[in-house]
Amino acid sequence: MALKVDADRIRRNVEGIARFGRDPAGGWSRFVFTEEERKACAFVASLLRESGMTVRTDPAGNLVGRLEGVDPEAPAVASGSHIDTVPRGGMFDGVAGTVAAVEAVRVIRENGLRTRHPLEVIVFANEEGARFGNALWGSRALLGLIHPEETVRCRDRDGITLAEAMRACGFDPDRVGEARIDPNRYRAFVELHPEQSCLLESEGAAIGAVEGIAGTAWMKAKLRGRADHAGATPMNLRRDALAAAAEIVLAAERIARHECSPRTVATVGQMTVQPGGINIVPGEVEMSFDVRDLAPEALDRACDAIRDCAKRVCALRGIRIELEELGRVMPTPLAGQIVELIEETCRKKGISCRRTVSGAGHDAQLMALVCPTGMIFVPSVGGVSHSPEEKTEWQDLAAGAQVLLEVLWKLSQGGAG
Ligand code: GLV
Ligand code: MN
Ligand code: MN
């Protein structure tokens, strides 16, 4: 097939999105329902229109472009990713897959071709969950998995609720349920994404065909000890919430490293200490846990072990602890026929490809519940991600976009069913 992505245009579009949400402290902080994120969405919407697609924004904030196929009744073949970031995140996470999807449709359209199935590009809102602690928002909304209470329960650091942030951007939080799609809407979904790890780079492979995505559990703990005078309180009389938290951080690391499966990972990425004085024994700590594994039982075991250990540490130190699970996404196998289609496409083009799994979470995880779903990984330089240093070489991104284009073309012609 002579269809070919335009590597320069891909670069221009990635850099175009990067104009929005620069963080003065470094990297990008482009959070859902902020002015910068909305501007970035408007920019992507203009790219979708230039690609000949009709564009709509659904009640959850997902941006969806659609190019009709010969058979408008046929289920659509979709691709896409996200454009929100973690705090001080990188330039490629989510953006790479968004731009690659737009490019694929544009090339098909520019060549005057018509697919049998409609094509859709989905820019999922709030994949990272960075602002409100609620990841995979857009894809959960498509599946009807948002509890109405989530928009009033979730607050950002300034105390603004998700509902308030939505209203400020012209959305009605009471209508999120209307974002739910007909489960038969899609024939297939394929997301391109940087690998965010270093397996492809270390093996010199250009493409990863993803066989499965790890499950994630997010938890929050509140530890209440007693604030005391740092000079006058003897060590044996303290109820230091931060010392307890420190023990729990190390316990979570030990549990993930040695006590569960080889794939278990656990991270404490947030901690607030009160009252926060240099001469005050810490009275209160709030801390987060992010626990992941590819096997559901191993994920359960890791979460239980961390919870039990945190309770034990606190009991021994006279600290009260409240633990809350914020959300869980189960480990997800991806569709074998799409893995094979990615491999076959690479083989025909002489592009090196290896099967792999994803430790990071993706909207593809939710889409896999409604249609055959696949992911195409492109190498991340040094495996770095969720960092301003995150980088995918431009030629690697173009090669991945070319594979995506060919995979979408085949699927939208009715292939790999
Ligand atoms: C998303 O990037 C996640 O896996 O946290
Ligand atoms: Mn991410
Ligand atoms: Mn991502």
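Throughout, numbering of the chain's residues begins at 1 and tracks the sequence. Values below: all heavy atoms of this structure, side chains included; hydrogens, waters and symmetry mates excluded. We count ligands from 1, going down the list as the structure has it; atoms in each ligand are counted the same way. In this text, all values refer to a predicted model and were calculated from it rather than measured experimentally.
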Review point. Aromatic rings Trp137 and Phe33: how do their planes relate, parallel, tilted or perpendicular, breaks at 30° and 60°?
Key: perpendicular
Check your understanding: Using the ring of each side chain (for Trp, its six-membered ring), is Phe124 parallel, tilted or perpendicular to Phe189, with breaks at 30° and 60°?
Key -> perpendicular
Practice item. Ignoring angles and geometry beyond distance, decide whether Arg292 reaches within less than 3.5 Å of ligand 1 through its nitrogen or oxygen atoms. Key: yes
Exercise for review: Tell me which N, O or S atom of His82 sits nearest to the Mn ion (ligand 3).
Suggested key: NE2
Check your understanding: Has Glu128 got an N, O or S atom lying less than 2.8 Å from the Mn ion (ligand 3)?
Key -> no
Practice item. Taking both backbone and side-chain atoms into account, decide whether His193 has an N/O/S atom under 2.8 Å from the Mn ion (ligand 3). Key: yes
Point to revise | 4.0 Å heavy-atom contact, His386 with ligand 1 | key: yes
Review point. From His386, does some N, O or S atom reach closer than 2.8 Å to the Mn ion (ligand 2)?
Key: yes
Exercise for review: Apply the side-chain contact (heavy atoms from CB on, under 4.5 Å) test between Tyr186 and each candidate in Cys371, Pro75, Pro372, Pro118; give the one that qualifies.
Suggested key: Cys371
Review point. Does Arg88 count as lying over the ring of Trp28, i.e. NZ or CZ under 6.0 Å from the six-ring centre, within 45 degrees of the axis?
Key: no
List ligand 1 atoms under 4.0 Å from [X], heavy atoms only on the residue side.
X	value
Ala360	4 (O)
Glu128	1 (C), 2 (O)
Gly361	1 (C), 3 (C), 4 (O)

Practice item. Using the side chain to side chain donor-acceptor pair (under 3.5 Å) rule, pick out the option among Lys391, Glu195, His193, Glu390 that qualifies with Ser385. Key: Glu390
Study note, to complete from the structure: For Asp93, the N, O or S atom at the shortest distance from the Mn ion (ligand 2) is OD2
Review point. So, are Lys39 and Glu36 salt-bridged, with charged N and O less than 4.0 Å apart?
Key: yes
Show me the donor-acceptor pairs, under 3.5 Å and distance only, between side chains in residues 261-270 and residues at least two apart or in other chains.
{"residue": "Ser261", "atom": "OG", "partner": "Arg263", "partner atom": "N", "Å": "3.1"}
{"residue": "Ser261", "atom": "OG", "partner": "Thr264", "partner atom": "N", "Å": "3.4"}
{"residue": "Ser261", "atom": "OG", "partner": "Thr264", "partner atom": "OG1", "Å": "3.2"}
{"residue": "Ser261", "atom": "OG", "partner": "Asp293", "partner atom": "OD1", "Å": "3.4"}
{"residue": "Ser261", "atom": "OG", "partner": "Asp293", "partner atom": "OD2", "Å": "2.5"}
{"residue": "Thr264", "atom": "OG1", "partner": "Ser261", "partner atom": "N", "Å": "3.0"}
{"residue": "Thr264", "atom": "OG1", "partner": "Ser261", "partner atom": "O", "Å": "3.1"}
{"residue": "Thr264", "atom": "OG1", "partner": "Asp293", "partner atom": "OD2", "Å": "2.6"}

